[in-house]
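One structure below.
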Amino acid sequence: MTQHLQIGDLITRAARTFGAAPALVHGDRTVSFAEFDRLTDRLGHALLARGLAPGDHVAVLVPNGIDGVVAYYALAKAGLVRVPLNARETDVELAYKMTDSAARALITDGRIPAEADIVIGTAELDAMIADAPDSPCRVARDPEAPLRLAYTGGTTGKPKAVVLTTRSELAEVANFLVDLLPDLTPDSVMLHAAPITHGSGAFFLPHLVKGARNVILPKFTPQAFVDAAVEHGATATFMVPTMIAMLLEDAVIDRDRLRLSRLCYGGAPIAPTLLARGIETIGPVFAQLYGQAEAPLAITCLQPWEHTPERLGSAGKPYTFVEVEIRGADGAPVPVGAEGEVVTRGPHTMSGYWQRPEATAETLGADGWLRTGDIGRLDADGFLHLLDRRHDVIISGGFNVYPREVEDVLLTHPAVREAAVVGVDDARWGQRVAAAVVLRDRVDDQALLDHCAERLAGFKRPRLIERWDELPKSAVGKSLRRTVRETLQKSLEVSDHA
Ligand code: AMP
């Protein structure tokens, strides 16, 4: 095994440098850097004492809070592999992930979706920590050994577990520090509003190593977010686009009282109209990340100063240490400006999918290039424009339709709050375009169809637009097109037979 910096080393070093300063805040509980180091050491020892062995998989099912963060980094120090589970998911979804990931243990705040050899309730953690030896816990792991398993969004099929290593985690921290958060100081404050099991969790270590504070919002509501951002002087946060839409709809925002310098967003496409409204309301602090579980949060980023009106539809440029290419169906790079699959390479990418050699071979080449499954193009200035997921592209009468383009057009109508566009089967055209919309104001069907007709070629126009009260979303706020498609397909069959 090569000698290598371990995640625990970063925590111990931060404790030596920033000692008594607050590292973590959640409600009225504050944990200093020194305490965080000690808590994670002790819990690391306690987990090993419960019979777990380095390399074992441990599912963690606790809502956003300090216990979860302590558990994550105790696991890293003990050489255990964390499998973060999102508390917003149903027992059926979680049981699948626990079984699929072969979790030996579960750390839980009470829910037990599936049995595991060892179940540890969060109520036990304090006693475990109190009884454990007060000495450094550092089980050195090979940089290529699994550190955590991250589940893909599962918007097109069953979620797959992505294996991420110490090598990928350290590279992820470096990517953030170089490109996204280059000016962190001990005075910086990260406000975690989204689940730390996903995107927001990636902001934890970059802030910690720079002596900055991580504040966890007990529960996201738009106004609670704004109030906490003001109270704690938040300088950075991470949101998925749905949260930004909620924030702009439902919160009273006085931008003079905010200290935010980075409102990072990503994880799903954002409508340029929403982004423009956000910048107008909150200021030029938006920073976009494009990434995926397989290449955690870092493929491209659109910097705040790059959010010019003509670039609002772009996902930005590759991170400094990340390569991006666009490849055609034959696997060869396409000329600048042409469409194809986005492929990427960098030290932060996964080592493969857990126990899915075929999916790994399809996705990750021996040369380290990762197929993202996203279709996009690079413009002459090197900016990436994402068109859609490869599997979501609609083929109608032989023409490709990117659902996202149609959604963006629907969203430019003032009465439309949310839109999901999918392809439904059609005997004549192969597929045709259908949409579900959530309205903010009344509007008749014809007005919406006319709005699309003025802006979209005939084959891209929705043949069916249904009004829904809400769109189905995954636990991290991604629109579940698969469910939308099934429902619209059924409606069409009913109306065709009527
Ligand atoms: P997941 O692995 O569940 O995080 O999903 C990753 C996928 O979300 C990517 O492959 C993209 O399709 C989508 N995605 C992530 N970030 C962005 C972004 N900034 N713009 C558009 N789509 C995004």
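Remember, it's 1-based here, ligands and their atoms both numbered in the order they're listed.
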- Evaluate the criterion salt bridge (Lys or Arg N to Asp or Glu O under 4.0 Å) for residue pair R311 and E306; output intermediate values, then yes/no. CA-CA 7 Å; R311 290 242 157 83; E306 291 166 343; over 6 Å; no
- Query: When you look for heavy atoms under 4.0 Å from ligand 1, do you find them on the side chain of H198, its backbone, both, or neither?
  - Reply: neither
- Do the ring centers of F204 and Y72 come within less than 6.0 Å of each other? no
- Item | A268 touching ligand 1 at heavy-atom level, < 4.0 angstrom | yes
- Task: May I ask you to identify, for A293, whether its side chain, its backbone, both or neither come under 4.0 Å of ligand 1 on a heavy-atom basis?
- Result: both
- For ligand 1, is G373 a contact, meaning one of its heavy atoms is under 4.0 Å away? no
- Message: Could you tell me, atom by atom, which parts of ligand 1 come under 4.0 Å of a heavy atom of L386?
- Response: 20 (N), 21 (C), 22 (N)
- Message: Please identify which of these residues, R440, K473, R467, meets the salt bridge (Lys or Arg N to Asp or Glu O under 4.0 Å) condition with E418.
- Response: K473
- Query: Are any of the N or O atoms of Q292 closer than 3.5 Å to those of ligand 1?
  - Reply: yes
- Counting heavy atoms only, which part of L289 comes closer than 4.0 Å to ligand 1: side chain, backbone, both or neither? backbone
- Query: With a cut-off of 4.0 Å, which atoms of ligand 1 are near a heavy atom of G291?
  - Reply: 6 (C), 9 (C), 15 (C), 16 (N)
- Query: salt bridge (Lys or Arg N to Asp or Glu O under 4.0 Å) between E362 and R390: does it pass, once the steps are laid out?
  - Reply: CA-CA 14 Å; E362 263 169 41; R390 186 157 44 99; over 6 Å; no
- Message: Cation-pi check for F383 against R377: NZ or CZ below 6.0 Å from the six-membered ring centre and within 45 degrees of the axis, yes or no?
- Response: no
- Query: Does K158 make a cation-pi contact with Y96 (under 6.0 Å, within 45 degrees of the axis)?
  - Reply: yes
- Report yes or no: is the cationic atom of R327 (NZ for Lys, CZ for Arg) closer than 6.0 Å to the six-membered ring centre of W369, at no more than 45° off its axis? yes
- Task: Say whether G267, considering both its backbone and side-chain N or O atoms, lies within less than 3.5 Å of an N or O atom on ligand 1.
- Result: yes
- Query: Is there any N or O on R389 that sits under 3.5 Å from an N or O of ligand 1?
  - Reply: yes
- Message: As an exercise, identify every atom of ligand 1 less than 4.0 angstrom from a heavy atom of Q288.
- Response: 18 (C), 19 (N), 20 (N)
- Pair F203 and F176, ring centroids less than 6.0 Å apart: yes
- Task: State whether the shortest distance between N or O atoms of Y151 and N or O atoms of ligand 1 falls below 3.5 angstrom.
- Result: no
